[in-house]
Participant: 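One structure is given below, represented as structure tokens, and several questions about it will come after.
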Amino acid sequence: MNIKTTQPTPKTEAELLYRAHQLAGMTLGELAAIAGIIPPPDLKRDKGWVGQLLEWHLGATAGSKPIPDFIELGIELKTIPISYQGKPLETTFVCVAPLIGVQGLQWRSSHIRQKLARVLWVPVEGERDIPLEDRHVGSALLWSPNAEEEAQLQQDWEELMDMIVLGQVETITGRHGEVLQLRPKAANSKVLTEAYGANGQPIKTLPRGFYLKKQFTSQLLQRHFI
DNA sequence: AGGTGATCATCT
DNA sequence: AGATGATCACCT
């Protein structure tokens, strides 16, 4: 996308939320014009384009660095593509899963828990029959997991991490976990990383990431409107 | 290679 | 149709 400058970073949660709400109703074409960029024809070769455009408009600082988007505020920014019915069209990538050095890892101190502690969700129309530049931004919501959501996340995380510790990472599929799943996260299926094998020996396997299932994100979006 | 931003596209 | 497994671009 090659954006050189960005908007100023918001100093407070209220300022961030205010800025996000101002974007509601605008199209991606309008936002691209303001940022001085040309929208790609589609997202096939620019899968992160929408997220990066919103980062620019909201003054996110992290870029591709492994820190929160709004470091001072401890807030993650996630755009989420929604259907005509207002439901998520895709699962949501959260972070890469650790596959080694995971003995004794606890949910409370986990990277994923910190990532999900406070998230600014920005819904964006995502149906592929809507031209990218005509898609509208929806109303943002600032979310933290409630007790039930956190319990669900913890349960799935513990199940998945138990399997990883036991050297069963290659038996894990996207069907494991109720709200959180583990799936490949790499440039392609030739990329390999270190993990534990079934007998505790080191093996090479696909890097994996944690993803939130659509049912989970759908409910948290709905919760906002209740 | 590992991280950021995610969606694509094939299979069931 | 929906979900899983695979993939794309860019940065460090």
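Sequence lines set the chain letters: A, B, ... in the order given, protein chains first and strands last, and positions in each chain run from 1.
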Participant: Shorter than 3.5 Å, N or O on both sides, protein versus nucleotides 2-5 of chain C: list them out with atom names.
Facilitator:
{"residue": "dA3(C)", "atom": "OP2", "partner": "K214(A)", "partner atom": "NZ", "Å": "3.1"}
{"residue": "dT4(C)", "atom": "OP1", "partner": "G174(A)", "partner atom": "O", "Å": "2.9"}
{"residue": "dT4(C)", "atom": "OP2", "partner": "Q181(A)", "partner atom": "NE2", "Å": "2.9"}
{"residue": "dT4(C)", "atom": "O3'", "partner": "R175(A)", "partner atom": "NH2", "Å": "3.4"}
{"residue": "dG5(C)", "atom": "OP1", "partner": "R175(A)", "partner atom": "NH2", "Å": "2.8"}
{"residue": "dG5(C)", "atom": "OP2", "partner": "G174(A)", "partner atom": "N", "Å": "2.6"}
{"residue": "dG5(C)", "atom": "N7", "partner": "R183(A)", "partner atom": "NE", "Å": "2.6"}
{"residue": "dG5(C)", "atom": "O6", "partner": "R183(A)", "partner atom": "NH2", "Å": "2.8"}

Participant: Provide, to the nearest angstrom, the distance between the CG atom belonging to L53(A) and the P atom belonging to dT7(B).
Facilitator: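 In whole Å, dT7(B) P lies 13 Å from L53(A) CG.
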
Participant: Quick test of your reading: applying side-chain hydrogen bond (donor to acceptor under 3.5 Å, both in side chains), list the pairs with at least one residue in residues 156-166 of chain A, sequence neighbours left out, ordered by first then second residue.
Facilitator: Q154(A)-E158(A)

Participant: Can a side chain N or O of T79(A) be found less than 4.0 Å away from OP1 or OP2 on dG5(B)?
Facilitator: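 Answer no for this pair, as no side-chain N or O of T79(A) is under 4.0 Å from OP1 or OP2.
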
Participant: Are I112(A) and F216(A) joined in one hydrophobic group, where the rule is that I, L, V, M, F, W and Y side chains link up if heavy atoms are under 4.5 Å apart?
Facilitator: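 Yes, because I112(A) and F216(A) connect within a single hydrophobic cluster, where side-chain heavy atoms sit under 4.5 Å apart.
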
Participant: Name all residues meeting the ring-ring contact (aromatic ring centres under 6.0 Å, His included) criterion together with Y211(A); count only those two or more places apart in sequence or in a different chain, and write none if there are none.
Facilitator: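 Per chain and number, Y211(A) pairs via ring-ring contact (aromatic ring centres under 6.0 Å, His included) with F93(A).
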
Participant: Side-chain N or O of R45(A) versus OP1/OP2 of dC8(C): is the shortest distance under 4.0 Å?
Facilitator: no

Participant: According to side-chain hydrogen bond (donor to acceptor under 3.5 Å, both in side chains), who are the partners of W121(A), at least two apart in sequence or on a separate chain?
Facilitator: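 Expected list: none.
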
Participant: Mind checking salt bridge (charged side-chain N to carboxylate O under 4.0 Å, His left out) for E127(A) and listing every partner two or more places apart, or none if nothing turns up?
Facilitator: none

Participant: For Q215(A), enumerate each residue passing the side-chain contact (heavy atoms from CB on, under 4.5 Å) test, keeping only those at least two apart in sequence or located in another chain.
Facilitator: Q219(A)

Participant: So which of residues 108-134 of chain A are in contact with DNA chain B, with a heavy-atom cut-off of under 4.0 Å?
Facilitator: K115(A), R128(A)

Participant: Rounded to the Å, how far apart are K185(A) NZ and dT4(B) C1'?
Facilitator: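 K185(A) atom NZ is separated from dT4(B) atom C1' by 7 Å.
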
Participant: V96(A) or A186(A): which one's nearest nucleotide on DNA chain B is closer to the 5' end?
Facilitator: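 Its nucleotide being nearer the 5' end, the pick is V96(A).
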
Participant: Starting from C1' on dA6(B), measure out to CD1 on I80(A) and report it in whole angstrom.
Facilitator: 11 Å

Participant: Only counting residues at least two apart or in another chain, list the ones meeting side-chain hydrogen bond (donor to acceptor under 3.5 Å, both in side chains) with H176(A).
Facilitator: none

Participant: Return yes if the base of dT7(B) and the side-chain atoms of K44(A) contain a donor-acceptor N/O pair under 3.5 Å, otherwise no.
Facilitator: no

Participant: In chain order, what residues pass the side-chain hydrogen bond (donor to acceptor under 3.5 Å, both in side chains) check against R118(A), with sequence neighbours excluded?
Facilitator: E13(A), S144(A)

Participant: With side-chain contact (heavy atoms from CB on, under 4.5 Å) as the test, pick out the partner of V124(A) among I82(A), L23(A), L28(A).
Facilitator: L28(A)

Participant: Bend angle of the helix from dA1(B)-dT12(C) to dT12(B)-dA1(C) from five-pair axes at both ends, rounded to 10°?
Facilitator: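 About 30° separates the two local helix axes.
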
Participant: Can you find an N or O donor on one side and an acceptor on the other, under 3.5 Å apart, linking the side chain of K190(A) with the base of dT7(C)?
Facilitator: no

Participant: Considering residues at least two apart in sequence or located in another chain, which fulfil the side-chain contact (heavy atoms from CB on, under 4.5 Å) criterion with E194(A)?
Facilitator: I100(A), P202(A), K204(A)

Participant: By side-chain hydrogen bond (donor to acceptor under 3.5 Å, both in side chains), which residues pair with Q103(A), not counting sequence neighbours?
Facilitator: Y196(A)

